[in-house]
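One structure is given below, encoded as structure tokens.
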Amino acid sequence: MKQIETIKEFSGYLNRYTHDSTSCNCEMTFSIYLPPQAIKHKVAVLYWLSGLTCSDDNARTKAGMQRYAAEYGIAIVFADTSPRGSDVADEDRYDLGKGAGFYVNATQAPWNKHYKMYDYITKELPELIEKNFSVMANIKSISGHSMGGHGALICALKTPDSYRSVSAFAPICNPVEGDWGRGCFGAYLGDNTVKWYEYDATELVKSGKKVQDIFIDQGTSDEFYDEGQLLPEKLQQACVANSQNITLRMQEGYDHSYHFIASFIGEHIKYHAQALKP
């Protein structure tokens, strides 16, 4: 693991690292914000997953999370969205390949050589963080935006004992019914749609997977919501039918951007901080 950047913020430190990933078979980059409380004792961790075309850099510079992380005394890990490198498979489109890992374990060539983002997020990265930083073991929550919101939801639903809480901004809630999801799942997972359902939050809830609560904010002026890519109502209907607690807030006039996230991130950090109390 190699540190490539450190910035002091709100009396804590935003650090950036590269490391060789066994899951993704390439060098990966992540950032971590350690609040000032981490100097004296170990702290809980919130994992943040970003959306299509993003890297670890977007949220750490645009969302304004560090202010609230310092206030509540929790660390934030900003993960990358896909494998990187000259030998990593890619396509000349924004919604497949680098920047669009969709947090699945790919089974189809050429993607299966590197695209093991589910294992990376749920296993390898937390183990690395807990080994090298002043954080508590297994005291973590997860959140994300758009494709990253999809990732946060499926990680929590598939391993409910691993996370204290889950939230999302404008998540892709039912990817098997949207163009983004169908395009990526077909490439990464092949034609067997049963495998697709294993990485779809709505389908996971329908199958009986549960967490304590799901907290989602969705903007009503989100262009991708209007296009039918996100489908939060599908997830809400599945939750109601299967007695899964869900809070879906439709935020009037907000779009899909980080302006939307920055407007409500304080409430999400507070929500996770309360769940992360020892």
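Residue numbers count from 1 along this sequence.
Counting all heavy atoms, side chain and backbone alike, Arg84 lies closest to Cys54 at NH2-O, 3.0 Å. Across Asn112 and Thr107, no two heavy atoms sit closer than the pair ND2-O, 3.4 Å. Between Gly51 and Thr81, the shortest heavy-atom contact is O-CG2, 3.6 Å. Contact between Met136 and Pro278 at its shortest, heavy atoms only, is CE-CG, 4.4 Å. Nearest heavy-atom pair across Gln108 and Ala187 is CB-O, 3.3 Å. Contact record, Ser55 with Asp80: CA-OD1, 3.3 Å, taken as the closest heavy-atom pair.
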> Given Thr220 and Gln251, is the side-chain contact (heavy atoms from CB on, under 4.5 Å) satisfied, shown in steps?
Replying inline: CA-CA 6 Å; Thr220 62; Gln251 302 291 4; 6.0 Å; no
> Yes or no on ring pair (Phe, Tyr, Trp, His ring centres under 6.0 Å) for Phe264 and Tyr254, after CA distance, side-chain angles and deciding distance?
Replying inline: CA-CA 11 Å; Phe264 299 101; Tyr254 286 90; 5.0 Å; yes
> Can you check side-chain hydrogen bond (donor to acceptor under 3.5 Å, both in side chains) on Ser167 and Ser143, steps first, answer last?
Replying inline: CA-CA 5 Å; Ser167 76; Ser143 185; 2.8 Å; yes
> Step by step, would you call His256 with Tyr225 a ring pair (Phe, Tyr, Trp, His ring centres under 6.0 Å)?
Replying inline: CA-CA 8 Å; His256 199 73; Tyr225 172 68; over 10 Å; no
>> Please evaluate residues Asp200 and Trp196 with respect to the criterion side-chain contact (heavy atoms from CB on, under 4.5 Å), reporting the C-alpha separation (whole Å), side-chain torsions for both, the decisive distance (0.1 Å), and the verdict.
In response: CA-CA 7 Å; Asp200 183 302; Trp196 300 12; over 6 Å; no
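Note on Asp119 versus Lys116: no salt bridge recorded, every NZ/NE/NH1/NH2 to OD/OE distance being 4.0 Å or above. Residues Lys270 and Glu267 are not paired through a salt bridge, judged by the lack of any N-O separation under 4.0 Å between the basic side chain and the carboxylate.
Tyr188 and Tyr115 have parallel rings, their planes meeting at less than 30° on a 0 to 90° scale where 60° marks the start of perpendicular. Between His268 and His272, the ring planes are tilted. Angles from 30° to 60° get that label. In this structure, Trp180 and Tyr94 have perpendicular ring planes: the angle between them is above 60°, well past the 30° mark.
Side-chain contact between Leu157 and Val211: present, with at least one pair of heavy atoms (C-beta onward) separated by less than 4.5 Å. Residues Tyr197 and Val176 meet the side-chain proximity criterion, which asks for heavy atoms closer than 4.5 Å. In this structure, the side chains of Cys155 and Tyr163 come closer than 4.5 Å at one or more pairs of heavy atoms. At a threshold of 4.5 Å between non-hydrogen side-chain atoms, the residues Lys206 and Lys234 do not count as touching. In this structure, the side chains of Val43 and Pro35 come closer than 4.5 Å at one or more pairs of heavy atoms. A heavy-atom distance below 4.5 Å is found between the side chains of Leu235 and Val205. The shortest distance between side-chain heavy atoms of Met28 and Thr18 does not fall below 4.5 Å. Contact check for Val166 versus Leu153: side-chain heavy atoms found under the 4.5 Å cut-off.
Residues meeting the ring-ring contact (aromatic ring centres under 6.0 Å, His included) test with Tyr103, sequence neighbours left out: none. Remark: Phe78 pairs with no residue by the ring-ring contact (aromatic ring centres under 6.0 Å, His included) rule, at least two apart or across chains.
Counting heavy atoms of neighbouring residues, nucleotides and ligands inside a 6.0 Å radius, atom NZ of Lys98 exceeds 12 of them. Heavy-atom neighbours of Glu252 CD from other residues, nucleotides or ligands within 6.0 Å: at or below the threshold of 12. Environment of CZ in Phe133: crowded, with over 12 heavy atoms of neighbouring residues, nucleotides or ligands closer than 6.0 Å. Summarising the local packing, CD of Glu5 is surrounded by more than 12 heavy atoms from other residues, nucleotides or ligands at distances under 6.0 Å.
Using a distance-only test at 3.5 Å, with no hydrogens or angles considered, a donor-acceptor pair links the side chain of Gln229 to the main chain of Asp179. Listed for the Asn15 side chain is no donor-acceptor partner under 3.5 Å among the backbone atoms of Ile32. Arg249 places no side-chain N or O within donor-acceptor distance of the main-chain N or O of Gln218, the cut-off being under 3.5 Å. A donor-acceptor pair under 3.5 Å is formed between the side chain of Thr61 and the backbone N or O of Asn58. Using a distance-only test at 3.5 Å, with no hydrogens or angles considered, a donor-acceptor pair links the side chain of Glu124 to the main chain of Ser23. Judged by distance alone, the side chain of Thr247 and the main-chain N or O of Phe215 form no donor-acceptor pair under 3.5 Å. Between the side chain of Lys113 and the main chain of Val88, no donor-acceptor pair closer than 3.5 Å is present. Between the side chain of Asn132 and the backbone N or O of Ile129, no donor-acceptor pair lies under 3.5 Å. Side chain of Lys210 to backbone of Asn242: a donor-acceptor contact under 3.5 angstrom is found. A donor-acceptor contact shorter than 3.5 Å links the side chain of Gln37 to the backbone of Ala70.
A donor-acceptor contact under 3.5 angstrom links the side chains of Asp255 and Ser257, judged on distance only. For Tyr271 and Asp213, the side-chain atoms include at least one donor-acceptor pair closer than 3.5 Å. Checking Ser31 against Asp56 by side-chain atom types alone, a donor-acceptor pair falls below 3.5 Å.
A cation-pi geometry, defined here as NZ or CZ lying under 6.0 Å from the six-membered ring centre and within 45° of its normal, does not hold between Lys195 and Phe185. Seen from the ring of Tyr199, Lys158 counts as a face-on cation partner, given the 6.0 Å and 45° thresholds.
Grouping the Ile, Leu, Val, Met, Phe, Trp and Tyr side chains by contacts below 4.5 angstrom, directly or via other members, places Leu204 with Leu230. The hydrophobic cluster containing Ile142 also contains Ile246, counting ILVMFWY residues as joined when their side-chain heavy atoms lie under 4.5 angstrom apart, directly or transitively.
Interatomic distance, NZ of Lys140 versus CG of Leu125, reported as 10.5 Å (0.5 Å rounding). One distance of note links CG of Leu231 with CD1 of Ile172; it measures 9.5 Å at 0.5 Å rounding. Rounded to the nearest 0.5 angstrom, Glu203 CD and Thr193 OG1 are separated by 9.5 Å. Cys24 contributes atom SG, which lies 8.0 Å from atom NE2 of His19 (distance to the nearest 0.5 angstrom). Atom CD1 in Ile139 sits 14.0 Å away from atom NZ in Lys277 (nearest 0.5 Å). In this structure, the separation between CG on Leu49 and NE2 on His145 is 12.5 Å, given to the nearest 0.5 Å.
With His150 as the partner, the ring-ring contact (aromatic ring centres under 6.0 Å, His included) test is satisfied by one option alone out of Tyr118, Phe224, Phe169, Phe102: Phe102. Evaluated for a ring-ring contact (aromatic ring centres under 6.0 Å, His included) with Phe30, the options Tyr17, Trp48, Tyr47 yield exactly one hit, Tyr17.
The side chain to side chain donor-acceptor pair (under 3.5 Å) analysis of residues 66-77, with sequence neighbours excluded, yields the pairs Glu9-Gln66.
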